[in-house]
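The structure under discussion appears below in the form of structure tokens.
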Amino acid sequence: MNKKMIFAIIGIALAAFIGFGLYKASVLKSIQIVKTVKINSTKQETFDMVKYLSNFPKWSPFLAQDPTQKYEVRGTDGAIGAQYHWEGNKGKDLGYQEIVKIEEPNFIRMKCDIQKPFVAKPTFDYYFTETSNGIEVKQDFKLESGLVDAFFMWLFGAKAEMEKSNQQGLDLLKIAVEKK
């Protein structure tokens with residue numbers, strides 16, 4: 001095989017890889033991950049564990065993954081406008097989440113402003129429902145991104161990691177609330 005043929009094969013393979021990646025990325029431009037957990041507690045205790053951001057270290061999957069993470073709550077904890085700021089992974093993770101809507105004791109919406117390791121602005125909606133088996137907490141995560149960001153999320157399997165972290169957070173929430 002001559003050099004031209006080798007370069008042509010490599011070029012075709014690279015174009016196919018990028019084309020397939022962009023196709024897969026187009027699906028990831030809009031991500032929604034819905035997770036639920038059942039908690040044996042009162043609705044108000046469960047709701048308050050999420051509403052008061054000072055409780056977040058008790059159930060944060062990110063703090064569980066990086067115990068050296070620094071964090072602080074700014075604003076009036078448990079109120080619209082309260083923010084949970086974090087910096088972790090030796091300065092490589094940076095951002096905050098803010099409470100933007102509260103419907104006591106049924107619903108909380110938080111928006112995140114992630115600055116590192118990538119820029120993203122996901123939202124988290126939490127729904128609290130009484131059931132015969134305890135309190136059901138449903139977390140509805142949404143993230144909109146551009147095609148290039150979505151391509152890299154596809155390339156590095158970010159959605160699977162997000163799903164894993166979201167479930168870990170709800171599992172830790174269950175432990176934290178039931179421990180009280």
### Task
Measure the acute angle between the ring planes of Phe56 and Trp59, then classify it against the limits of 30° and 60° as parallel, tilted or perpendicular.
perpendicular
### Aromatic plane relationship, Phe62 with Trp86 - under 30° parallel, 30 to 60° tilted, over 60° perpendicular
parallel
### Query
For Gln139 and Gln167, does a side-chain donor sit closer than 3.5 Å to a side-chain acceptor?
no
Rounded to the nearest 0.5 Å, how far apart are [atom1] of [X] and [atom2] of [Y]?
X	Y	atom1	atom2	value
Ile135	Ser41	CD1	OG	7.0 Å
Glu178	Glu45	CD	CD	10.5 Å
Ile99	Asp77	CD1	CG	6.5 Å
Gln168	Leu173	CD	CG	12.5 Å

### Message
Any side-chain to backbone donor/acceptor pair from Gln83 onto Arg74? Under 3.5 Å, distance only.
### Response
no
### Query
If only atom types and distance count, is the side chain of Asp66 paired as donor or acceptor with the main-chain N or O of Asn89 below 3.5 Å?
yes
Side chains of [X] and [Y]: closer than 4.5 Å at any heavy-atom pair?
X	Y	answer
Ile31	Lys142	no
Lys92	Lys116	no
Glu103	Arg109	no

### Task
Let me know which of Leu170, Ile175, Val137, Asn133 forms a side-chain contact (heavy atoms from CB on, under 4.5 Å) with Ile39.
Val137
Pairs under 3.5 angstrom only: tabulate donor-acceptor contacts from the side chains of residues 1-13 to other protein residues two or more places apart or in another chain.
residue : atom : partner : partner atom : Å
Asn2    : OD1  : Lys4    : N            : 3.2
Asn2    : OD1  : Met5    : N            : 2.8

### Message
Are more than 12 heavy atoms, taken from residues, nucleotides or ligands other than Lys38, located less than 6.0 Å from that residue's NZ atom?
### Response
yes
### Message
Quick check on Lys111: does its NZ atom have over 12 non-hydrogen neighbours (other residues, nucleotides or ligands) under 6.0 Å away?
### Response
no
#### Entry: Partner residues of Asp113 under the side-chain contact (heavy atoms from CB on, under 4.5 Å) criterion, sequence neighbours left out
Tyr96, Gln115, Lys121
### Message
For Glu136, is there an ion pair with Lys138 - N to carboxylate O distance below 4.0 angstrom?
### Response
no
### Message
Using the rule given for side-chain contact (heavy atoms from CB on, under 4.5 Å), can you reason through Ile102 versus Phe47, listing the C-alpha separation, both sets of side-chain angles and the distance that settles it, and then say yes or no?
### Response
CA-CA 10 Å; Ile102 299 173; Phe47 186 83; 3.8 Å; yes
